[in-house]
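Note sheet for the following structure.
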Amino acid sequence: GSIYNSIGNIVNNNFNFIGEKIIWLETGLSTKVPEVKNKTGNIWENSETELDISLDNISYNEFEKYIKKCKELGYDVNATKKTDEYLAYNNEGYYLDLSHIGSTMNIKLYAPLKGEENFEWPDHQFATLIPKLENKTGTIKTKEEKKLEFSLYDIKENEVEQYFNDCEKNGFSIDSKKEKTTFKGFNSGGYKLSISYNDRNVMSIIIESPRKLEKINWPTSGPATLLPNPTVSKGEISIDFDWSFSAYIEMSIDEYNNYIEKCIEKGFKKDYRSKYYFTADKGDDVNLTVSYEGFNIVYISIKDYNEF
(Lines give C-alpha, C1' and ligand atoms only; values in the text may rest on other atoms or scores of the structure.)
Protein backbone atom coordinates (compact mmCIF):
# COMPACT_ATOMS: atom_id res chain seq x y z
CA GLY A 1 0.00 0.00 0.00
CA SER A 2 0.96 3.65 -0.29
CA ILE A 3 2.06 5.83 2.59
CA TYR A 4 0.16 8.79 1.17
CA ASN A 5 -3.42 9.82 0.50
CA SER A 6 -3.46 12.06 -2.55
CA ILE A 7 -5.03 12.64 -5.93
CA GLY A 8 -3.30 10.75 -8.71
CA ASN A 9 -3.25 7.70 -10.89
CA ILE A 10 -3.06 4.17 -9.59
CA VAL A 11 -1.01 1.81 -11.75
CA ASN A 12 -0.53 -1.83 -10.72
CA ASN A 13 -1.65 -0.97 -7.19
CA ASN A 14 1.20 1.54 -6.78
CA PHE A 15 0.68 5.27 -6.34
CA ASN A 16 2.79 7.67 -8.36
CA PHE A 17 2.28 11.22 -7.16
CA ILE A 18 4.68 13.98 -8.10
CA GLY A 19 4.71 17.08 -5.91
CA GLU A 20 1.37 16.39 -4.19
CA LYS A 21 0.63 17.30 -0.59
CA ILE A 22 0.79 14.13 1.43
CA ILE A 23 -0.84 12.49 4.43
CA TRP A 24 1.04 9.75 6.27
CA LEU A 25 -0.69 6.36 6.29
CA GLU A 26 -0.13 3.38 8.56
CA THR A 27 0.89 0.88 5.89
CA GLY A 28 4.11 -0.67 4.62
CA LEU A 29 7.50 0.39 5.99
CA SER A 30 6.20 3.91 6.53
CA THR A 31 5.18 2.66 9.97
CA LYS A 32 8.86 2.15 10.80
CA VAL A 33 10.02 5.77 10.39
CA PRO A 34 8.92 9.09 11.92
CA GLU A 35 5.93 10.82 10.31
CA VAL A 36 6.43 14.00 8.25
CA LYS A 37 3.50 16.41 8.01
CA ASN A 38 2.46 19.17 5.60
CA LYS A 39 5.01 18.43 2.88
CA THR A 40 4.87 17.61 -0.81
CA GLY A 41 6.90 14.84 -2.33
CA ASN A 42 7.28 11.82 -4.59
CA ILE A 43 6.54 8.19 -3.87
CA TRP A 44 8.78 5.55 -5.35
CA GLU A 45 8.20 2.49 -3.19
CA ASN A 46 6.34 1.50 -0.04
CA SER A 47 6.11 -2.21 0.62
CA GLU A 48 6.86 -4.60 3.44
CA THR A 49 10.48 -4.82 2.27
CA GLU A 50 11.39 -1.35 0.97
CA LEU A 51 10.48 2.31 1.47
CA ASP A 52 11.72 5.00 -0.94
CA ILE A 53 10.30 8.53 -0.87
CA SER A 54 11.50 12.09 -1.40
CA LEU A 55 10.14 15.20 0.31
CA ASP A 56 10.34 18.74 -1.06
CA ASN A 57 11.23 22.01 0.67
CA ILE A 58 13.09 20.44 3.58
CA SER A 59 15.64 22.72 5.19
CA TYR A 60 18.93 21.40 6.53
CA ASN A 61 17.70 22.14 10.06
CA GLU A 62 14.61 20.00 9.41
CA PHE A 63 16.86 17.26 8.06
CA GLU A 64 18.93 17.31 11.26
CA LYS A 65 15.78 17.20 13.40
CA TYR A 66 14.48 14.22 11.42
CA ILE A 67 17.76 12.38 12.02
CA LYS A 68 17.31 13.00 15.74
CA LYS A 69 13.78 11.54 15.60
CA CYS A 70 15.10 8.48 13.77
CA LYS A 71 17.75 7.99 16.45
CA GLU A 72 15.05 8.18 19.10
CA LEU A 73 13.25 5.38 17.23
CA GLY A 74 16.37 3.25 17.52
CA TYR A 75 18.19 3.91 14.25
CA ASP A 76 21.58 4.35 15.85
CA VAL A 77 23.25 0.96 15.30
CA ASN A 78 26.46 1.07 13.20
CA ALA A 79 25.52 4.64 12.34
CA THR A 80 27.44 6.78 9.83
CA LYS A 81 26.84 10.53 9.78
CA LYS A 82 28.05 12.80 6.99
CA THR A 83 27.07 16.36 6.18
CA ASP A 84 24.20 15.39 3.87
CA GLU A 85 23.71 11.73 4.76
CA TYR A 86 22.80 9.49 7.67
CA LEU A 87 23.04 5.69 7.52
CA ALA A 88 22.07 3.39 10.36
CA TYR A 89 20.40 0.16 11.45
CA ASN A 90 17.99 -0.49 14.28
CA ASN A 91 18.16 -3.51 16.58
CA GLU A 92 15.79 -5.44 14.31
CA GLY A 93 18.15 -5.10 11.35
CA TYR A 94 16.20 -2.48 9.39
CA TYR A 95 18.59 -0.30 7.36
CA LEU A 96 17.90 3.45 7.10
CA ASP A 97 19.42 5.68 4.40
CA LEU A 98 18.66 9.40 4.76
CA SER A 99 20.08 12.07 2.47
CA HIS A 100 19.58 15.80 1.94
CA ILE A 101 20.26 17.24 -1.52
CA GLY A 102 19.41 20.88 -2.13
CA SER A 103 16.01 21.22 -0.49
CA THR A 104 15.01 17.58 -0.96
CA MET A 105 15.15 14.92 1.74
CA ASN A 106 15.26 11.30 0.61
CA ILE A 107 14.11 8.58 2.96
CA LYS A 108 14.99 4.97 2.20
CA LEU A 109 14.37 2.05 4.49
CA TYR A 110 15.08 -1.61 3.84
CA ALA A 111 13.73 -4.56 5.80
CA PRO A 112 16.30 -7.13 6.94
CA LEU A 113 17.29 -9.57 4.23
CA LYS A 114 16.55 -13.15 5.15
CA GLY A 115 17.62 -16.41 3.64
CA GLU A 116 15.92 -19.78 3.80
CA GLU A 117 14.90 -20.49 7.38
CA ASN A 118 15.79 -24.18 7.02
CA PHE A 119 19.10 -23.38 5.31
CA GLU A 120 21.82 -25.95 5.79
CA TRP A 121 25.51 -25.58 5.02
CA PRO A 122 26.01 -26.64 1.37
CA ASP A 123 26.80 -30.32 0.89
CA HIS A 124 29.09 -29.41 -2.02
CA GLN A 125 32.68 -30.65 -1.55
CA PHE A 126 34.00 -27.07 -1.89
CA ALA A 127 32.09 -26.05 1.25
CA THR A 128 34.31 -28.35 3.32
CA LEU A 129 37.31 -26.15 2.44
CA ILE A 130 36.12 -23.20 4.55
CA PRO A 131 34.99 -22.77 8.18
CA LYS A 132 31.32 -23.47 8.80
CA LEU A 133 29.13 -20.75 10.27
CA GLU A 134 26.34 -22.10 12.46
CA ASN A 135 22.79 -20.84 12.93
CA LYS A 136 22.63 -18.61 9.85
CA THR A 137 19.97 -18.32 7.18
CA GLY A 138 21.20 -18.42 3.62
CA THR A 139 20.60 -19.11 -0.05
CA ILE A 140 22.60 -21.15 -2.54
CA LYS A 141 22.99 -19.32 -5.86
CA THR A 142 25.31 -21.61 -7.84
CA LYS A 143 26.16 -25.23 -7.20
CA GLU A 144 28.23 -26.58 -10.08
CA GLU A 145 31.19 -28.88 -10.55
CA LYS A 146 33.67 -26.02 -10.78
CA LYS A 147 31.92 -23.34 -8.72
CA LEU A 148 29.95 -22.92 -5.50
CA GLU A 149 28.30 -19.60 -4.65
CA PHE A 150 26.04 -18.90 -1.68
CA SER A 151 25.04 -16.06 0.64
CA LEU A 152 24.68 -15.91 4.42
CA TYR A 153 22.37 -13.38 6.08
CA ASP A 154 22.31 -11.46 9.34
CA ILE A 155 26.10 -11.44 9.58
CA LYS A 156 27.32 -8.97 12.17
CA GLU A 157 30.16 -6.64 11.29
CA ASN A 158 32.40 -8.03 14.01
CA GLU A 159 31.92 -11.55 12.61
CA VAL A 160 33.36 -10.61 9.22
CA GLU A 161 36.96 -9.92 10.20
CA GLN A 162 37.05 -13.07 12.34
CA TYR A 163 35.72 -15.16 9.46
CA PHE A 164 38.31 -13.73 7.07
CA ASN A 165 41.04 -14.67 9.55
CA ASP A 166 39.59 -18.15 9.98
CA CYS A 167 39.60 -18.68 6.21
CA GLU A 168 43.28 -17.75 6.08
CA LYS A 169 43.99 -20.21 8.90
CA ASN A 170 42.05 -22.81 6.91
CA GLY A 171 44.58 -22.52 4.12
CA PHE A 172 43.39 -19.65 1.93
CA SER A 173 46.53 -17.67 2.61
CA ILE A 174 48.23 -17.73 -0.81
CA ASP A 175 48.11 -14.33 -2.54
CA SER A 176 45.37 -13.37 -0.09
CA LYS A 177 43.96 -9.84 -0.19
CA LYS A 178 42.00 -8.83 2.88
CA GLU A 179 40.10 -5.58 3.34
CA LYS A 180 37.29 -4.54 5.65
CA THR A 181 34.49 -6.00 3.50
CA THR A 182 36.26 -8.23 0.97
CA PHE A 183 38.57 -11.21 1.00
CA LYS A 184 40.29 -13.13 -1.79
CA GLY A 185 42.78 -15.93 -1.52
CA PHE A 186 43.96 -19.30 -2.82
CA ASN A 187 44.79 -22.49 -1.00
CA SER A 188 47.66 -24.82 -1.84
CA GLY A 189 45.44 -26.78 -4.24
CA GLY A 190 44.70 -23.68 -6.32
CA TYR A 191 41.11 -23.29 -5.15
CA LYS A 192 40.04 -19.62 -5.18
CA LEU A 193 37.92 -18.12 -2.40
CA SER A 194 36.16 -14.75 -2.84
CA ILE A 195 34.06 -13.21 -0.05
CA SER A 196 32.22 -9.89 -0.01
CA TYR A 197 30.17 -8.27 2.74
CA ASN A 198 27.63 -5.51 2.10
CA ASP A 199 25.81 -2.94 4.19
CA ARG A 200 22.72 -5.15 4.37
CA ASN A 201 24.58 -7.64 6.60
CA VAL A 202 24.89 -10.18 3.76
CA MET A 203 28.07 -12.14 3.16
CA SER A 204 28.51 -13.65 -0.30
CA ILE A 205 30.93 -16.56 -0.71
CA ILE A 206 32.32 -17.95 -3.97
CA ILE A 207 34.65 -20.96 -4.20
CA GLU A 208 36.08 -21.87 -7.60
CA SER A 209 38.07 -24.90 -8.70
CA PRO A 210 41.68 -24.51 -9.85
CA ARG A 211 42.07 -23.15 -13.35
CA LYS A 212 43.61 -25.83 -15.56
CA LEU A 213 46.26 -24.29 -17.79
CA GLU A 214 47.59 -26.21 -20.77
CA LYS A 215 50.10 -25.59 -23.52
CA ILE A 216 48.93 -22.83 -25.84
CA ASN A 217 50.13 -21.30 -29.10
CA TRP A 218 50.10 -17.51 -29.14
CA PRO A 219 47.87 -16.24 -31.99
CA THR A 220 49.52 -15.06 -35.20
CA SER A 221 46.60 -12.80 -36.13
CA GLY A 222 44.19 -10.46 -34.39
CA PRO A 223 44.89 -8.01 -31.53
CA ALA A 224 47.12 -10.51 -29.69
CA THR A 225 49.82 -9.73 -32.27
CA LEU A 226 50.04 -6.20 -30.84
CA LEU A 227 51.27 -7.67 -27.54
CA PRO A 228 54.60 -9.09 -26.47
CA ASN A 229 54.58 -12.85 -26.82
CA PRO A 230 54.72 -14.29 -23.27
CA THR A 231 57.79 -16.43 -22.67
CA VAL A 232 55.66 -19.03 -20.88
CA SER A 233 53.72 -21.64 -22.80
CA LYS A 234 50.92 -22.64 -20.41
CA GLY A 235 47.61 -20.83 -20.38
CA GLU A 236 43.97 -20.76 -21.38
CA ILE A 237 42.69 -18.58 -24.22
CA SER A 238 39.15 -17.44 -23.39
CA ILE A 239 38.45 -15.06 -26.30
CA ASP A 240 40.12 -14.89 -29.73
CA PHE A 241 38.28 -12.67 -32.22
CA ASP A 242 39.44 -10.23 -34.89
CA TRP A 243 38.97 -7.33 -32.47
CA SER A 244 39.13 -8.93 -29.00
CA PHE A 245 41.52 -11.32 -27.27
CA SER A 246 41.81 -12.51 -23.67
CA ALA A 247 43.72 -15.27 -21.95
CA TYR A 248 44.86 -16.59 -18.57
CA ILE A 249 48.62 -17.16 -18.56
CA GLU A 250 50.88 -18.88 -16.05
CA MET A 251 53.14 -16.13 -14.64
CA SER A 252 54.68 -15.28 -11.32
CA ILE A 253 54.25 -11.80 -9.87
CA ASP A 254 57.77 -10.90 -11.08
CA GLU A 255 57.02 -12.18 -14.58
CA TYR A 256 53.80 -10.15 -14.49
CA ASN A 257 55.73 -6.94 -13.77
CA ASN A 258 58.30 -7.75 -16.47
CA TYR A 259 55.50 -8.33 -18.96
CA ILE A 260 53.98 -4.95 -18.20
CA GLU A 261 57.34 -3.31 -18.91
CA LYS A 262 57.47 -5.11 -22.26
CA CYS A 263 53.96 -3.84 -23.06
CA ILE A 264 55.11 -0.28 -22.36
CA GLU A 265 58.13 -0.85 -24.62
CA LYS A 266 55.68 -2.01 -27.32
CA GLY A 267 54.06 1.43 -27.26
CA PHE A 268 51.22 0.97 -24.77
CA LYS A 269 50.67 4.13 -22.75
CA LYS A 270 49.87 3.52 -19.09
CA ASP A 271 46.42 4.54 -17.95
CA TYR A 272 46.53 2.99 -14.46
CA ARG A 273 48.98 0.76 -12.61
CA SER A 274 48.90 -0.83 -9.18
CA LYS A 275 50.55 -3.86 -7.62
CA TYR A 276 48.13 -6.30 -9.26
CA TYR A 277 46.38 -4.31 -12.03
CA PHE A 278 47.46 -2.47 -15.17
CA THR A 279 45.50 -0.73 -17.92
CA ALA A 280 46.89 1.01 -20.99
CA ASP A 281 45.98 2.38 -24.40
CA LYS A 282 47.63 2.38 -27.78
CA GLY A 283 46.11 5.23 -29.70
CA ASP A 284 42.42 5.93 -29.25
CA ASP A 285 41.02 2.54 -30.12
CA VAL A 286 43.25 -0.14 -28.57
CA ASN A 287 42.71 -0.94 -24.87
CA LEU A 288 44.78 -3.31 -22.76
CA THR A 289 44.19 -4.81 -19.31
CA VAL A 290 46.72 -7.02 -17.50
CA SER A 291 46.01 -8.23 -13.96
CA TYR A 292 47.68 -10.60 -11.55
CA GLU A 293 44.87 -12.89 -10.40
CA GLY A 294 46.92 -14.81 -7.84
CA PHE A 295 48.37 -18.32 -7.67
CA ASN A 296 50.75 -17.52 -10.56
CA ILE A 297 47.96 -16.69 -12.99
CA VAL A 298 47.82 -13.48 -15.03
CA TYR A 299 44.81 -12.29 -17.01
CA ILE A 300 45.45 -10.44 -20.29
CA SER A 301 42.72 -8.71 -22.29
CA ILE A 302 43.12 -6.51 -25.37
CA LYS A 303 40.47 -4.91 -27.58
CA ASP A 304 41.15 -3.28 -30.94
CA TYR A 305 38.06 -1.24 -31.81
CA ASN A 306 39.52 -0.44 -35.21
CA GLU A 307 38.55 -3.98 -36.18
CA PHE A 308 35.16 -4.03 -34.43
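Nothing here was measured: the structure is a model prediction, and the numbers come from that model. Computation of the quantities below employed the complete heavy-atom set of this structure, encompassing side-chain atoms and omitting hydrogens, waters and symmetry-equivalent molecules. Residues take their numbers from the sequence shown, with the count starting at 1.
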Under a 4.0 Å N-O cut-off, is there an ion pair linking [X] with [Y]?
X: Lys39; Y: Glu62; value: yes
X: Glu208; Y: Lys146; value: no
X: Asp123; Y: Lys143; value: yes
X: Lys212; Y: Glu236; value: no
X: Lys192; Y: Glu149; value: no

Stepwise side-chain contact (heavy atoms from CB on, under 4.5 Å) test for Ile300 and Val298: CA-CA 7 Å; Ile300 300 172; Val298 168; 4.1 Å; yes

Derivation of the side-chain contact (heavy atoms from CB on, under 4.5 Å) call for Tyr277 and Thr289: CA-CA 8 Å; Tyr277 194 76; Thr289 299; 3.7 Å; yes

Examine [X] relative to [Y] and say whether NZ or CZ is less than 6.0 Å from the centre of the six-membered ring and inside a 45° cone about the ring axis.
X: Lys282; Y: Phe268; result: yes
X: Lys81; Y: Tyr86; result: no
X: Lys136; Y: Phe119; result: no

Transitive ILVMFWY side-chain link [X] to [Y], under 4.5 Å:
X: Leu133; Y: Ile195; result: yes
X: Ile264; Y: Tyr259; result: yes
X: Tyr191; Y: Ile130; result: yes
X: Ile237; Y: Phe241; result: no
X: Ile239; Y: Ile302; result: no

Donor-acceptor side-chain pairing of Asn296 and Ser252 below 3.5 angstrom: no

Heavy-atom pair with the smallest gap, counting every atom of [X] and [Y]:
X: Leu213; Y: Ile249; value: CD1-C, 4.2 Å
X: Leu227; Y: Trp218; value: CD1-CZ2, 4.1 Å
X: Thr137; Y: Gly115; value: OG1-N, 3.2 Å
X: Pro219; Y: Thr225; value: O-CG2, 3.9 Å
X: Glu168; Y: Ser173; value: O-CB, 3.9 Å

Within the 6.0 Å centroid threshold, strictly below: Phe186 and Phe172: no

Donor-acceptor under 3.5 Å (Asn90 side chain, Glu92 main chain): yes

Check: Glu35 main-chain N/O paired with Tyr66 side-chain donor or acceptor under 3.5 Å: no

Non-neighbouring partners of Tyr153 that pass ring-ring contact (aromatic ring centres under 6.0 Å, His included), sequence neighbours left out: none

